[in-house]
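Below you'll find the structure, written out as structure tokens, and then a few comments.
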Amino acid sequence: MATIPGSAGLPLLGDRSYDFYKDPVKFMEKNISYYKNRNFIGRFLNKSTVFVGCNKTLKCLLTEEADKLDLGYKMFMGDIYGDNILFTDGEMNIYLRNPVCLYQTLKRMCIEVCLSLFLGIDFDTMTELTETIVSLTTTHWHGIISVPVNLKFPIGGASTFSKALDAKAKLLDIIQNKKTSTSRHFPKNIQEDLQESILTDKGLRERYMLEVQRMYPPFFGGRRVINKGNAVVFSTYATHRDPEVFDDPHQFQPQRWTEKNINDKDKLFCFGSGPRCCVGQKLVWCIIDTIIDEMLTKFKVSLIDEQDLTHKWLPVSRPKNEVLVQFTEKDNSQ
């Protein structure tokens with residue numbers, strides 16, 4: 001077995017967590033270049049950690065070696081999320097007349113679909129409740145990258161972690177209250193029959209969706225625990241740009257999925273892989289596919305020129321600044 005380059009260094013003094021959180025993409029690229037290896041050793045969260053940027057290695061870890069790794073998420077995020085399957089071994093006028101933030105718009109669409117499907121919440125008639133849920137969800141989510149210290153201050157302030165715990169409790173109360181009155185329905189825009197559009201080529205749409213997944217995975221990566229003193233951190237971003245698997249890895253090339261990479265869908269790790277892959281991946285894929293179909297059937301979408309498209313990668317991949325797009329309604333009467 002080949003020796004993995006790098007060193008865990010001394011406890012605390014050799015920790016690389018700050019460098020990683022500051023810019024995870026730069027951290028991976030810098031070390032891959034320095035060690036001339038897509039896998040390397042460092043100290044992360046004060047544990048000896050193997051950083052994985054090799055597509056083949058990650059595939060092996062998540063499938064063949066999955067039973068030898070502990071997710072490790074419960075001890076890291078268990079207080080925030082509690083026990084769940086993850087831890088088990090006139091608004092239209094605004095859209096048409098003004099540029100909108102694409103990230104926030106798609107985020108809200110996904111939240112609307114999920115809340116409508118699982119809790120029967122209608123965004124058109126339950127405005128106050130939906131705004132509360134969106135706000136609590138954002139606060140809860142920010143707890144992932146906070147220091148896990150539950151502090152509340154006399155004047156009314158609190159740590160990010162403490163706010164996340166409070167948001168979790170309020171969200172659980174809302175879910176419990178809605179369970180008894182849940183009605184199964186989709187938003188009106190999801191119920192309507194999908195119309196013929198420029199996106200009738202399902203194969204082409206799939207290739208674009210796969211390439212977006214490859215280049216811009218929603219999560220930068222993940223973490224697994226080998227034993228009490230060691231861990232593995234893998235970078236989905238780096239493995240998706242492994243030149244051993246993907247030619248010209250930094251180029252957006254949807255056609256690759258009909259050529260060399262036609263049988264390489266299992267080398268994308270947005271939803272993990274192996275026995276612990278995401279149980280909701282088909283639902284997520286269906287939601288995204290439906291939104292694209294509905295949106296591009298009814299509107300033309302154009303990107304406003306001269307914008308900063310820089311990405312942030314923690315806690316999720318998203319634009320660093322607002323990315324504005326213009327929605328123009330199509331004439332589908334003919």
Side-chain angles (χ1 to χ4, degrees), residues 15-33 38 42 44-45 49 51-53 58 73 76-77 80-81 86 99-111 114 133-149 159-161 163-164 167-168 208-223 233-242 246 249-252 268-272 278 281 284 287-288 291-292 301 303-326:
D15 191 76
R16 308 287 297 281
S17 301
Y18 174 77
D19 293 336
F20 179 86
Y21 283 128
K22 183 179 179 181
D23 192 333
V25 171
K26 185 177 179 180
F27 176 87
M28 290 298 298
E29 291 179 342
K30 178 181 178 181
N31 283 280
I32 287 172
S33 175
R38 299 193 70 81
F44 180 70
L45 297 178
T49 300
F51 291 87
V52 177
L58 180 56
Y73 290 151
F76 189 56
M77 297 184 289
I80 293 179
Y81 284 99
L86 176 63
V100 297
C101 176
L102 185 60
Y103 171 75
Q104 293 294 342
T105 300
L106 292 179
K107 175 183 176 182
R108 190 174 183 85
M109 284 182 181
C110 291
I111 292 174
C114 290
I133 292 176
V134 170
S135 177
L136 289 173
T137 301
T138 300
T139 301
H140 185 217
W141 183 246
H142 286 169
I144 290 180
I145 58 171
S146 65
V147 178
V149 177
S159 66
T160 302
F161 186 79
K163 292 178 181 177
K168 167 193 164 185
Y208 270 82
M209 290 170 69
L210 287 170
E211 189 67 353
V212 169
Q213 271 196 74
R214 187 188 70 81
M215 292 200 69
Y216 305 104
F219 293 94
F220 181 80
R223 185 171 180 262
V233 168
F234 60 87
S235 168
T236 310
Y237 174 93
T239 56
H240 285 185
R241 300 189 185 215
D242 186 344
F246 302 105
H250 297 290
Q251 299 300 314
F252 187 84
L268 295 180
F269 305 109
C270 289
F271 299 98
C278 176
Q281 59 180 302
V284 171
I287 289 174
I288 295 174
I291 288 175
I292 292 174
V301 184
L303 183 69
I304 304 299
D305 294 333
E306 298 182 1
Q307 297 190 76
D308 181 5
L309 303 181
T310 305
H311 258 65
K312 290 179 67 175
W313 292 97
L314 295 175
V316 294
S317 169
R318 66 200 189 281
K320 188 174 183 179
N321 300 294
E322 288 192 347
V323 175
L324 302 180
V325 297
Q326 184 73 55

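Contact of the Gln307 side chain with the Asn321 side chain is not registered, since no non-hydrogen atoms from C-beta on lie closer than 4.5 Å. Side chains of Lys30 and Asp19 form no contact here, defined as non-hydrogen atoms less than 4.5 Å apart. Looking at Val25 and His311, their side chains never come closer than 4.5 Å, going by heavy atoms from C-beta outward. Residues Trp141 and Val316 form a side-chain contact, since some pair of their non-hydrogen atoms from C-beta on lies under 4.5 Å apart. In this structure, Met215 and Arg241 have side chains that are in contact, with non-hydrogen atoms separated by less than 4.5 Å. Between Tyr18 and Phe27 the shortest side-chain heavy-atom distance does not fall below 4.5 Å. Between Pro218 and Phe271 there is no side-chain heavy-atom pair separated by less than 4.5 Å. In this structure the side chain of Lys107 reaches within 4.5 angstrom of the side chain of Thr138, judged on heavy atoms.
Environment of CZ in Phe252: crowded, with over 12 heavy atoms of neighbouring residues, nucleotides or ligands closer than 6.0 Å.
The shortest heavy-atom contact between Asp15 and Phe44 is OD1-C, 3.6 Å. Closest approach of Tyr216 to Trp313, counting heavy atoms only: CA-CH2, 4.3 Å. Taking every heavy atom of both residues into account, Asp308 and Val323 meet most closely at O-CG2, 4.4 Å. Across Cys110 and Ile291, no two heavy atoms sit closer than the pair SG-CD1, 4.1 Å. Here the shortest heavy-atom pairing between Val52 and Met28 reads O-CE, 4.0 Å. Of all the heavy atoms in His142 and Thr160, the pair that sits closest is O-CG2, 3.9 Å.
Atoms CD1 and CG, on Ile287 and Leu106 in that order, are 12.5 Å from each other to the nearest 0.5 Å. Between the CD atom of Glu29 and the CZ atom of Arg38 there is a distance of 9.0 Å, given to the nearest 0.5 Å. Note that the CD atom of Glu306 and the CD1 atom of Ile304 stand 11.0 Å from one another [nearest 0.5 Å]. Here the straight-line distance linking atom CG of Leu268 with atom OG1 of Thr236 works out to 10.0 Å at 0.5 Å rounding. Rounding to the nearest 0.5 angstrom, the gap separating the NE2 atom in His240 from the CG atom in Leu210 is 10.5 Å.
Outside the 6.0 Å centre-distance limit, the rings of Phe219 and Phe234 are not counted as a close aromatic pair. Note: Phe20 and Phe220 meet the aromatic proximity criterion, with ring centroids under 6.0 Å apart.
For the pairing with Pro217, the side chain to side chain contact (heavy atoms under 4.5 Å, CB included) check across Ser317, Cys270, Ser235 returns one residue only, Cys270.
Qualifying side chain to side chain contact (heavy atoms under 4.5 Å, CB included) partners for Lys312, counting only residues two or more places apart in sequence or in other chains: Arg318, Lys320. Listed by chain and residue number, Arg214, Arg256, Trp257 satisfy the side chain to side chain donor-acceptor pair (under 3.5 Å) test with Glu211 (two or more places apart in sequence, or in another chain). Not counting sequence neighbours, the partners of Thr239 by the side chain to side chain contact (heavy atoms under 4.5 Å, CB included) test are Asn55, Leu58, Phe269.
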